[in-house]
Structure formats: structure tokens, C-alpha cells
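Every value quoted in this text rests on a predicted model; they were computed, and no experiment measured them.
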2 protein chains.
Amino acid sequence: MKKEDTRRFEAQSQIIKALAHPTRLFIAEELGKGERCVCELTGMIGADTSTVSKHLFIMKNAGIIECEKRGTNMYYTLKMKCVLSFFSCVNQVLQKKAAEQLQFV
Amino acid sequence: MKKEDTRRFEAQSQIIKALAHPTRLFIAEELGKGERCVCELTGMIGADTSTVSKHLFIMKNAGIIECEKRGTNMYYTLKMKCVLSFFSCVNQVLQKKAAEQLQFV
DNA sequence: CATGATTTTGGTTATATTACCAAATAGCCA
DNA sequence: TGGCTATTTGGTAATATAACCAAAATCATG
């Protein structure tokens, strides 16, 4: 593999990693519905605020979401809506796995 | 977040994690072109055979690829072609990031 | 300015991931 | 069978992730 390809795959994997966590998938799906502040997300997720804040940082850093401060609140929005298209494929994989499991019953 | 949602997001993230590594992205892209045996992939990747084998296991376990043994070789194929659609979105994110970087020069 | 609310940052610990080496396994063929 | 090739599995060490708590930073408001 060429060095330039390695860099490309590293950059790509950084973005995919930014989605590869249950909490971050939830955030992506939730922000797909509209903007949310950290406290709203924290309430829904049920983790420490600092934990949620760090998840948001990872996603923002990857370029998936963006934020805007209004008052004391930080509002996050989904910048790259296309990541929502991941879900349909992922669910296809899950369905296929489930169907295959059934064959062995 | 409900318990059942948590399980769903965990299952989804397991699949996305199976793609969230440079080597595994390479494998996905390569298998998108056709079946490959472990030794072919190992040659292209330039890592230990056991390392590549473990990457393949993770992807197979996630339901993304499947394999078939012929002789002493194990041939892997991309089972869920839809994962290739991830790339287009990921590249959009990368392009947008690159474009934004340029603004600050 | 002091207070309270929201968010981020720093620090620590626990867990997960990854790479490599060595050894085991499986299949082919002389 | 014995040896050769391809692949997987087990073990270990290094690194990366992730959770929580505490503390700092930011902003509105009395």
C-alpha cells in the first residue's frame, strides 16, 4: 500500500471512528432531527456532561457536526447529513445477521 | 435512552467499528473489486499475516464479509456491498474539511 | 461584582484495540 | 507419512478510548 493511500485510509477511518460508538450514533441520529444543546443531549443519554461534551468534540473534530453558542448554551447541529445514510446499510447488515441466526434454530 | 435503543446503538456501532480502521477500510475497498485470499491482502497491506487475519475476523464477525476455503487458501468476499457507499459520504466530509482549511491560509 | 447555569478541560483509572511473535491447525502433495 | 504452504489462535506488550470527578472557563443576570 502506498504512503499516500495509507494517509487517505487513516483520514477516512478517523471520520468513521467518530461514529463508531453507541453514544455518538445516538447523537448523530438525534441531531439529524434538529439542533440540540449539550444539556438536552446529556439528559437523553444519561451520562456525565463532560463525557457527552467529549463525544461532541470528537464528532466536531471529524467534521461531522458543528456548533454555535447562544447565551450559555452550545447548540450542536449535524453538518454532514449524509452520515445518516450509514444507518440504512448498517441496518441491512443487522437484518441479514438476524435472518441467518434464525436458520440455526 | 431506552434499554432497547441502547442495544440497537451497540449493535450498530459494532458494525461501524468493524470498518473504523485504515487496514479494514482498505480491505473493504479491495474486496469491493473481487474476492481475495489472505495472502494477497497481506502482501498488499504489508503487515503480519496474523494481524490481517484478525482484521478479517472482525469484519466477518460483523457480517460485512464472508469467506470460503479452497485448498489451503481462504478467499474473502464483500458480503454487504452497501458499505462501499460509506466512502462517498466520508470523502465528502474530507473534502469539506480540506476546503475549510484553505480559508484560513 | 457575585452568583448560578452551562460547557469544556485536565487528570486518573479501567477497558479495548492493535501489533507482533510463536505455536497450532488444516489441506495438499511427494 | 512427512514436509510445505496458508491461515488461525494464543499470548503479550504498547497504545488508544472512554468514563467519571474536579476544576476552570464562559456568559447571563441580579
Rounded distance in Å - CD1 (A/Ile58) to P (C/dT9):
12 Å

Selection: residues 7-34 of chain B, any non-hydrogen atom under 4.0 Å of DNA chain D
none

Could you tell me whether the side chain of B/Arg24 and the main chain of B/Lys17 form a donor-acceptor pair under 3.5 Å?
yes

In terms of side-chain geometry, is the basic nitrogen of B/Glu29 or A/Arg8 positioned less than 4.0 Å from the acidic oxygen of its partner?
yes

What one should report as the nearest heavy-atom pair of A/Glu10 and B/Pro22 is CG-CG, 3.7 Å

Does the pair A/Asn73 and A/Lys69 meet the rule for a side chain to side chain contact (heavy atoms under 4.5 Å, CB included), with working shown?
CA-CA 6 Å; A/Asn73 292 332; A/Lys69 190 159 200 168; over 6 Å; no

No-hydrogen, no-angle side-chain donor-acceptor test under 3.5 Å, B/Gln12 and A/Asn91:
yes

Within the structure, does a side-chain N or O atom of A/His55 lie under 4.0 Å from either OP1 or OP2 of D/dA19?
yes

N/O to N/O distances under 3.5 Å, protein versus nucleotides 2-8 of chain C:
residue, atom, partner, partner atom, Å
C/dT6, O3', A/Asn73, OD1, 2.8
C/dT7, OP1, A/Val38, N, 3.2
C/dT7, OP1, A/Met74, N, 3.2
C/dT7, OP2, A/Cys39, N, 2.7
C/dT8, OP1, A/Tyr76, OH, 2.7
C/dT8, OP2, A/Ser53, OG, 2.6
C/dT8, O5', A/Ser53, OG, 3.3

Please evaluate residues B/Glu100 and A/Lys79 with respect to the criterion salt bridge (Lys or Arg N to Asp or Glu O under 4.0 Å), reporting the C-alpha separation (whole Å), side-chain torsions for both, the decisive distance (0.1 Å), and the verdict.
CA-CA 13 Å; B/Glu100 286 168 0; A/Lys79 187 179 181 183; 2.9 Å; yes

The complete set of disulfide bond (SG atoms under 2.5 Å apart) pairs with one or both residues in residues 29-97 of chain B, sequence neighbours excluded, reads A/Cys82-B/Cys89, A/Cys89-B/Cys82

Cationic tip of B/Arg36 above B/Tyr75 ring, under 6.0 Å, 45° of axis
no

